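Report on the structure given below.
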Amino acid sequence: MARRLDFQDHRRELETNRYVYPVVSRRARGLSIGVNLNPDKLCNFDCPYCQVDRTTPGGPSRIDVVALVSELEALLERASGDLWALPPFDSVAKELRRVADIAFAGDGEPTTPPEFPKAARAVRELRDRLAPGVPLRLLTNATLFHKEKVRTALAEFDDLWCKLDAGSEAYFQLVDGTRLPFRRILDNLLLVARERPIVIQAMLLTLDGAGPDDAEIAAWVERMREIVAGGGRIDHVQVYSVARKPSDPRCGPLAHERLETIAASARAAGLPAAVYV
Ligand code: SF4
């Protein structure tokens, strides 16, 4: 029988986790368990709105999948019991005291580490055993879907939440801070959306006080329409903006009314879209 820990011990254990972290999410209506496959904080994008603090060094790049699984197992067990006695979780409303999802979403693009396929399979097996019915999600920028090993591993996930912040190459490079070809991301989205429905996540914000203009939004809608016209399926589109102040002072939130107008333009093109706050 496991040793029963006091709250301080719990807190210390959670703080020393390398890969697994709990977040109470109003949007998910419960506890979202995050899996961070990028403790080194490396990412193949450099989005100006990124919340990852890269002023302090990250950890080692190598992923210890056994340690990851054991952290997740411990947290899943705790989430069905005494986690809710630990601040800040003790202040969570009773109806939100449930595991809403397990999401690969960390300090970089989760599909980049070589251990991604192994970690995805191990987490899916643990989820099946301990938390069947809890969705396993991948939050990704889709840059590596064309790699066979990554594409095969996508099958472990129930949901693929794919970033698409732009409609034009120039704006894509600006808002996602990358020189990777936009065409590759679009081709990758189509490739996978032809096999299974994907969710599109769009972070829309102001840069130096200006948000994406109407032409950029029309292009963004058109890129998604092209995916559908090419035989891809988009389950829904999540439109959102920065909630907390990003470290890059150029970034700011887009007004809620503007986000609503943008979501409406996606709906007008036949895409189920909503603003998420
Ligand atoms: S893809 Fe995500 S982790 Fe990478 S820079 Fe952009 S926001 Fe940050």
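Heavy atoms only: backbone and side chains are in, while hydrogens, waters and symmetry mates are out. FYI, the numbering just counts along the sequence from 1. Computed from a predicted model, the values in this text were never measured in an experiment.
Leu191 and Leu164 are members of different hydrophobic clusters when ILVMFWY side chains are connected at heavy-atom separations under 4.5 Å. Ile200 and Tyr49 end up in different hydrophobic clusters when Ile, Leu, Val, Met, Phe, Trp and Tyr side chains are linked at under 4.5 Å. Taking hydrophobic clusters as Ile, Leu, Val, Met, Phe, Trp and Tyr residues chained together by side-chain heavy-atom distances below 4.5 Å, Leu189 does not share a cluster with Val175. Cluster annotation: Val221 is not connected to Tyr240 through the hydrophobic network of ILVMFWY side chains, with a link wherever side-chain heavy atoms come within less than 4.5 Å. Note on Val199: it does not cluster hydrophobically with Val35, by side-chain heavy-atom contacts below 4.5 Å among ILVMFWY residues.
Counting only heavy atoms from C-beta outward, the side chains of Leu259 and Tyr276 never approach each other to under 4.5 Å. Between Asp46 and Thr178, the closest side-chain pair of non-hydrogen atoms is not below 4.5 Å. Under the 4.5 Å side-chain criterion, counting only non-hydrogen atoms from C-beta, Leu205 is in contact with Met203. Arg223 has its side chain within reach of Phe182: a pair of non-hydrogen atoms, C-beta onward, lies under 4.5 Å apart. Trp84 is listed as a side-chain neighbour of Val92, based on a closest heavy-atom distance under 4.5 Å. Looking at Ile198 and Phe145, their side chains never come closer than 4.5 Å, going by heavy atoms from C-beta outward. By the 4.5 Å heavy-atom criterion applied to side chains, Leu31 and Val23 are not counted as neighbours.
Taking SG of Cys162 as the start and CG of Leu138 as the end, the distance is 7.5 Å to the nearest 0.5 Å. To the nearest 0.5 angstrom, Asn17 atom CG is 3.5 Å from Glu71 atom CD. Taking OG1 from Thr55 and NZ from Lys41, the interatomic distance works out to 6.5 Å, rounded to the nearest 0.5 Å. A distance of 7.0 Å separates OH of Tyr21 from OG of Ser32, quoted to the nearest 0.5 Å. For the atom pair CG of Leu271 and CD1 of Ile234, the computed distance is 5.5 Å after rounding to the nearest 0.5 Å. To the nearest 0.5 Å, the span separating CZ on Arg151 from CG on Leu154 amounts to 8.5 Å.
A salt bridge links Arg225 to Glu222: one of the charged nitrogens lies within less than 4.0 Å of a carboxylate oxygen. With salt bridges taken as basic N to acidic carboxylate O contacts below 4.0 Å, one links Glu73 and Arg129. A salt bridge does not link Arg233 to Glu195: none of the charged nitrogens lies less than 4.0 Å from a carboxylate oxygen. Using a 4.0 Å cut-off between charged nitrogen and carboxylate oxygen, Asp159 and Arg137 count as a salt-bridge pair.
Glu109 and Thr140 share a side-chain donor-acceptor pair at under 3.5 Å. Under the 3.5 Å distance criterion, with hydrogens and angles disregarded, a donor-acceptor pair is assigned to the side chains of Ser168 and Glu216. Residues Asn141 and Asp176 bring no donor and acceptor atom of their side chains to less than 3.5 Å of each other.
In this structure, the side chain of Thr112 does not engage the main chain of Gly108 through any donor-acceptor pair within 3.5 Å.
In this structure, Ser241 and Gly252 approach most closely via the heavy-atom pair OG-O, 4.3 Å. Scanning all heavy atoms of the two residues, the minimum distance from Asp165 to Leu204 falls at O-CD2, 3.8 Å. A pairwise comparison of heavy atoms in Asp158 and Val134 identifies OD2-O, 4.2 Å as the closest pair. Closest of all the heavy-atom pairs between Phe172 and Pro181 is CE2-C, 4.2 Å. Tyr171 and Pro212 get closest at one heavy-atom pair: OH-CD, 3.6 Å. Considering all non-hydrogen atoms of both residues, Asn44 and Leu180 come closest at O-CD1, 3.9 Å.
Shown here is Arg54, whose CZ atom has more than 12 heavy atoms of other residues, nucleotides or ligands within 6.0 Å. Around the NZ atom of Lys147, the shell of radius 6.0 Å holds no more than 12 heavy atoms that belong to other residues, nucleotides or ligands.
Considering His236, Lys163, Gln238 in turn, Gln238 is the only one that fulfils the side-chain hydrogen bond (donor to acceptor under 3.5 Å, both in side chains) rule with Gln201.
In this structure, Phe116 and Phe157 have parallel ring planes: the angle between them is below the 30° cut-off, well short of the 60° mark.
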